Amino acid sequence: MIVDELKRYMLEYGFNNEDINKILAVYTFKENEILFFNIKKINTLLETLGYTQNDIVKMAKRFPLLYSYSMKNIKQKIKDMQKLGYSYNDVIKIIKQLPAIYGYSIEENIKQKIKDMLELGYSYNDIIKMTKQLPSIYSYSIENIKQKIELYRLMNISHILVEKATYLMQSCELSFARYMFYKNKGIIIDENNYPKLFIDQLKFKRLYGIDNKTLIQMYNYDEYFSKEKNVLIKI
């Protein structure tokens, strides 16, 4: 049966049975023979674009709809991203980390997010630099980004995000709780010591004997944050 051949091919390619079942569950509407052809075709294309088999397996696991796009669509998305100011290698790396970008509209998603961030005060070059570091910025809601930037502006460290965009991965709840924890110990977070705010949980617990969950409960962000005004009441 064609489905057995498909599964055998995917196992040999590097997927495990759980991966295969999750991916195939997305394509119940497609004929197995057509799906098999599409998967092999897309895998071959992605390899020619510079992805390894391991890269492709990870991408498909994160974004099973990867195999629903045509070769033309995939090639065009790379060209469209290059027109925005990314190099070819930048685009390959960005998509490897965020394969869902194949499903994003250049106009409605990508360009709109760039516009939103320009309105937050970052330059176009800043935004390109930040999204190369953290492609998932394109998957975050602008409300989520605004909230984090507002918090870091109150700490006078929002400018560090251009060089350290990955800090946007940390939740406002944790950043706020750590800021208040340090403040109560007589340490004010600023541009000289901001890495303290972002150390990993194991190191933080080893240093201070408290985990993230407990810390967030101690310093409740929601009690200080006015959702109606979208600003922190105090810090």
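These numbers come from a predicted model, not from an experiment.
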Using modelled atom types and a 3.5 Å cut-off, is there a donor and acceptor pairing between side-chain atoms of [X] and backbone atoms of [Y]?
X	Y	answer
N193	D190	yes
K148	C172	no
Y167	P195	no
R62	K96	yes

What donor-acceptor contacts under 3.5 angstrom involve side-chain atoms of residues 119-129, with partners at least two apart or in another chain?
{"residue": "Y122", "atom": "OH", "partner": "S158", "partner atom": "O", "Å": "3.2"}
{"residue": "S123", "atom": "OG", "partner": "D126", "partner atom": "N", "Å": "3.0"}
{"residue": "S123", "atom": "OG", "partner": "D126", "partner atom": "OD1", "Å": "3.3"}
{"residue": "S123", "atom": "OG", "partner": "D126", "partner atom": "OD2", "Å": "3.1"}
{"residue": "Y124", "atom": "OH", "partner": "L84", "partner atom": "O", "Å": "2.6"}
{"residue": "D126", "atom": "OD2", "partner": "S123", "partner atom": "N", "Å": "3.2"}
{"residue": "K129", "atom": "NZ", "partner": "E163", "partner atom": "OE1", "Å": "3.1"}
{"residue": "K129", "atom": "NZ", "partner": "E163", "partner atom": "OE2", "Å": "2.6"}

Once rounded to the nearest 0.5 Å, what's the spacing between atom [atom1] of [X] and atom [atom2] of [Y]?
X	Y	atom1	atom2	result
L134	L161	CG	CG	10.0 Å
I137	I142	CD1	CD1	9.5 Å
D90	M81	CG	CE	9.0 Å
L46	K41	CG	NZ	11.5 Å
L174	M169	CG	CE	12.5 Å
I78	L49	CD1	CG	4.5 Å

Looking only at side-chain N and O atoms, does [Y] offer a donor or acceptor that is under 3.5 Å from a partner on [X]?
X	Y	answer
Q133	T166	no
Y219	N184	yes
S141	N144	no
Y138	Q112	no
T214	D211	yes

Residue E33 excluded, over 12 heavy atoms near CD under 6.0 Å: no

- request: Tell me, yes or no, whether the heavy-atom count around Q217 atom CD, taken from other residues, nucleotides or ligands under 6.0 Å, exceeds 12.
  value: yes

- prompt: Where do N38 and Y27 land on the side chain to side chain donor-acceptor pair (under 3.5 Å) test, with the steps shown first?
  reply: CA-CA 11 Å; N38 285 351; Y27 296 96; over 6 Å; no

query: What pairs with Y86 under ring pair (Phe, Tyr, Trp, His ring centres under 6.0 Å), at least two apart in sequence or on another chain?
result: none

- request: Answer with yes or no whether the hydrophobic clustering places F37 together with I74; edges join I, L, V, M, F, W, Y residues whose side-chain heavy atoms lie under 4.5 Å apart.
  value: no

message: Quick check on the hydrophobic clustering: are M71 and I95 connected, directly or via other members, by side-chain heavy-atom contacts under 4.5 Å?
response: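 Shared cluster, yes.
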
- request: Please find out if less than 6.0 Å separates the ring center of F181 from that of Y208.
  value: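 Centroid separation for F181 and Y208: below 6.0 Å.
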
message: Apply side-chain contact (heavy atoms from CB on, under 4.5 Å) to residues K183 and I189 and explain how you reach the verdict.
response: CA-CA 8 Å; K183 184 179 179 181; I189 295 297; over 6 Å; no

Are side-chain heavy atoms of [X] and [Y] found at a separation under 4.5 Å?
X	Y	answer
K132	K93	no
K22	K61	no
I39	L35	yes

- request: Assess whether side-chain contact (heavy atoms from CB on, under 4.5 Å) is satisfied between K115 and K111, documenting all intermediate values.
  value: CA-CA 6 Å; K115 179 183 177 183; K111 287 185 178 180; over 6 Å; no

task: Provide the closest heavy-atom pair for Y140 versus L168 in the form atom of the first, atom of the second, distance.
output: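 Taking every non-hydrogen atom into account, CE1-O, 4.0 Å.
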
query: Is the cationic atom of K113 (NZ for Lys, CZ for Arg) positioned less than 6.0 Å from the six-membered ring centroid of Y104 and within 45 degrees of its normal?
result: no

task: Output, in order, the C-alpha distance, side-chain angles, deciding distance and verdict of side chain to side chain donor-acceptor pair (under 3.5 Å) for N43 and Y67.
output: CA-CA 9 Å; N43 284 350; Y67 295 120; 2.7 Å; yes

query: For the residue pair Y102 and Y69, does the interplanar ring angle fall in the parallel (under 30°), tilted (30 to 60°) or perpendicular (over 60°) class?
result: tilted

message: For L98 and S139: C-alpha separation, side-chain torsions, deciding distance, then whether side-chain contact (heavy atoms from CB on, under 4.5 Å) applies.
response: CA-CA 8 Å; L98 187 66; S139 69; 4.2 Å; yes

Give the table of side-chain donor-acceptor pairs shorter than 3.5 Å for residues 198-206, with sequence neighbours excluded, one pair per line with atom names and distance.
{"residue": "D200", "atom": "OD1", "partner": "L202", "partner atom": "N", "Å": "3.1"}
{"residue": "D200", "atom": "OD1", "partner": "K203", "partner atom": "N", "Å": "2.9"}
{"residue": "Q201", "atom": "OE1", "partner": "N212", "partner atom": "N", "Å": "3.1"}

